[in-house]
Undergrad: 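Before we start, here is the structure in question, set down as structure tokens.
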Protein chains: 2
Amino acid sequence: MAGNTGAREGGDRLGAVLRPVRAGNGFEEALEQILQVVRLGLVPDGERLPAERELAERLGVSRVTLREVLRVLHDQGLVESRRGRYGGTFVLRRSDGAGEDELRRRTAEVDIEDVLRFREVLEVGAAGLCAAHGLSGEGVVRLRRALDHTRDAPLADYRRRDTLLHLTLAGLCGSPSLAAQYAAVRAGVNDLLDCIPLLVRNLEHSQRQHTALVEAVLDRDADAAREIAREHCAGTAALLRGFLA
Amino acid sequence: MAGNTGAREGGDRLGAVLRPVRAGNGFEEALEQILQVVRLGLVPDGERLPAERELAERLGVSRVTLREVLRVLHDQGLVESRRGRYGGTFVLRRSDGAGEDELRRRTAEVDIEDVLRFREVLEVGAAGLCAAHGLSGEGVVRLRRALDHTRDAPLADYRRRDTLLHLTLAGLCGSPSLAAQYAAVRAGVNDLLDCIPLLVRNLEHSQRQHTALVEAVLDRDADAAREIAREHCAGTAALLRGFLA
DNA sequence: AAGCAATGGTTCCCCGCCATACCTTATGGC
DNA sequence: GCCATAAGGTATGGCGGGGAACCATTGCTT
């Protein structure tokens, strides 16, 4: 019957919307998000995560569940907890090799093309929006500071500051939804980047692009900003495809 | 202490990632997604939703919870259930006025700028990706068919077919993540559009843009595709800002 | 030295949701 | 006309997670 056929065709279309309502249980999602914070370098090695009570509230899970997450991270050697006033949960420097298989597992199950394409769209979009609408005075300061921060970065901290620069730009584009999605996809990109070596030559190239990108945004030259962002992403994408394909 | 200050500054940065792990309970999220299906017109008026057992499984909630959702939708006059073989849950034609306050409530709590900007980024990005990477033979067919479908649309069904065209494009861009996000943001856009009148003049303009957009994509002219998509979004955005601001 | 405050650590109870099984209704085929 | 089938409708037990209260530890402040 016609209606039935229509419903079946529609059924395929529904796939984009009718995805599972939660990617996993509360525990798994909370774990994922805290890992994101760490992988994005939002809390650098040695620094403290928010207190358990605050973290639990912000993640929308109970403290009990959050503590299970922290216990797992502790068992994997990623964090350390200290009691008492001015105690807390601290991010440990990842002794290279720890969680290596974890990384393999994670990168094995992501759709690399999906990540790279989505990242490019968001990155280019954020740059274009920032340039087209202009930044507030405070926005200019934040962006400049983030850029300067990448210039004098020690090699070991470059990727983290690079990430922060891009997150800053995404955060300034005027779309919180875009910023949130960028954070998520960027965590995925960082996972991929952690699988390949950091080449100084790429880094210098990247740095020139950062400078040009920020200039274009501040000049409110949207087309230029978009084009630079696109090239920037294409560079990373080519690198990753080359190493991982 | 320096570490403490750093942690506080970091705390602000964490905002983009440390969002609540679930927007609500299972019931609310399932409701939201089914509403999305209806609002996107993925199941047209009079057609049947997937069977309860299938829907529950695809949404990752129990049938009990799903049925609570359907009961709410039934009470609001949006769906009707019929028992027996070839029964099911059917989407009712929305008698204008029903759920009107619901719409007001919903549109009141969305960040219009966020929605419009994010939508533009995704729309432009999807068009650019499709044009840049080219479509498969089947992709070409699907896109053409969706476009043709908007041409001979009765006025009452235009917005639905328009939505389907854009969803098709997003689905063909090679990034499932982008497609999913587009579906979500488009549902929000449709809510906003439902608050303003449908002007035939805008519709004709829109239709010309659709044709040009599809042509640009099929010609693999990414710059043109992006530019048309941008104009297309700007038109809708201006309309919405004018009526709702 | 005493007290306070901020943090991690622990326990308890209750609710919401899930899984499962079963019942009821309507339709088509034998 | 009977029965198989596919759908919605109902009932129950179990458990994961949440909320709240409390304990334990540390270091600053007085």
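Because the structure is predicted, anything quoted here is derived from the model rather than measured. The chains referred to below are lettered A, B, ... by the order of the sequence lines, with proteins before strands, and numbering in each begins at 1.
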Undergrad: Under the salt bridge (charged side-chain N to carboxylate O under 4.0 Å, His left out) rule, collect the residues that match up with A:Arg161, sequence neighbours excluded.
TA: A:Asp152, A:Asp157
Undergrad: To the nearest Å, how far apart are B:Arg71 CZ and D:dT10 C1'?
TA: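 Rounded to the whole Å, the gap is 14 Å.
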Undergrad: Nearest whole Å is fine: how far is C:dG8 P from A:Leu49 CG?
TA: 9 Å
Undergrad: In chain order, what residues pass the side chain to side chain contact (heavy atoms under 4.5 Å, CB included) check against B:Glu120, with sequence neighbours excluded?
TA: B:Val124, B:Arg230, B:Cys233
Undergrad: Roughly how many Å is it from CZ in A:Arg58 to C1' in D:dG18, rounded to a whole number?
TA: 20 Å
Undergrad: Report the residues that fulfil side chain to side chain contact (heavy atoms under 4.5 Å, CB included) with A:Leu203, sequence neighbours left out, ordered by chain and then residue number.
TA: A:Leu155, A:Tyr158, A:Leu198
Undergrad: When you match B:Ser81 and A:Arg63 each to their closest nucleotide on DNA chain D, which lands nearer the 5' end?
TA: B:Ser81
Undergrad: Quick one: is C:dC18 close enough that its OP1 or OP2 comes under 4.0 Å of any side-chain N or O from B:Thr65?
TA: yes
Undergrad: Report each atom pair, protein N/O against N/O of nucleotides 13-15 of chain C, whose distance is under 3.5 angstrom.
TA:
none

Undergrad: What is the distance, to the nearest angstrom, from the CG atom on B:Leu66 to the P atom on D:dG8?
TA: 9 Å
Undergrad: Would you compute the distance between atom OG1 of A:Thr65 and atom CD of A:Glu28 and round it to the nearest 0.5 angstrom?
TA: 12.0 Å
Undergrad: Between B:Val64 and A:Ser62, which residue's closest nucleotide on DNA chain D lies nearer the 5′ terminus?
TA: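 The residue closer to the strand's 5' end, by nearest nucleotide, is B:Val64.
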Undergrad: Can you name the side chain to side chain donor-acceptor pair (under 3.5 Å) partners of A:Ser81, sequence neighbours left out?
TA: A:Thr89
Undergrad: Considering only nitrogen or oxygen atoms on both sides, find all protein atoms under 3.5 Å from nucleotides 2-7 of chain C and state each distance.
TA:
residue	atom	partner	partner atom	Å
C:dA6	N3	A:Arg85	N	3.3

Undergrad: Provide, to the nearest angstrom, the distance between the CG atom belonging to B:Leu55 and the P atom belonging to C:dC18.
TA: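 Nearest whole value for this atom pair: 14 Å.
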Undergrad: List in chain and number order the residues that pass side chain to side chain donor-acceptor pair (under 3.5 Å) with B:Thr163, two or more places apart in sequence or in another chain; answer none if no residue qualifies.
TA: B:Arg186, B:Asn190
Undergrad: Rounded off to whole Å, could you give me the CD-to-C1' distance for the A:Glu54 and D:dG19 pair?
TA: 18 Å
Undergrad: Who pairs with B:Glu68 by salt bridge (charged side-chain N to carboxylate O under 4.0 Å, His left out), at least two apart in sequence or on another chain?
TA: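 Not a single residue meets the salt bridge (charged side-chain N to carboxylate O under 4.0 Å, His left out) criterion with B:Glu68.
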Undergrad: From CD of A:Glu57 over to P of D:dG18, roughly how many Å is that when rounded to an integer?
TA: 13 Å
Undergrad: What is the distance, rounded to the nearest whole Å, between atom CG of A:Asn25 and atom P of D:dC15?
TA: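 These atoms are roughly 16 Å apart.
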Undergrad: Residues in side chain to side chain contact (heavy atoms under 4.5 Å, CB included) with A:Asp148, at least two apart?
TA: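 Testing A:Asp148 for side chain to side chain contact (heavy atoms under 4.5 Å, CB included), a comparison that skips the adjacent residues, returns A:Arg151.
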Undergrad: For residues A:Ser175 and B:Asp114, is any side-chain donor paired with an opposing acceptor at under 3.5 Å?
TA: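 Distance-only check passes for A:Ser175 and B:Asp114.
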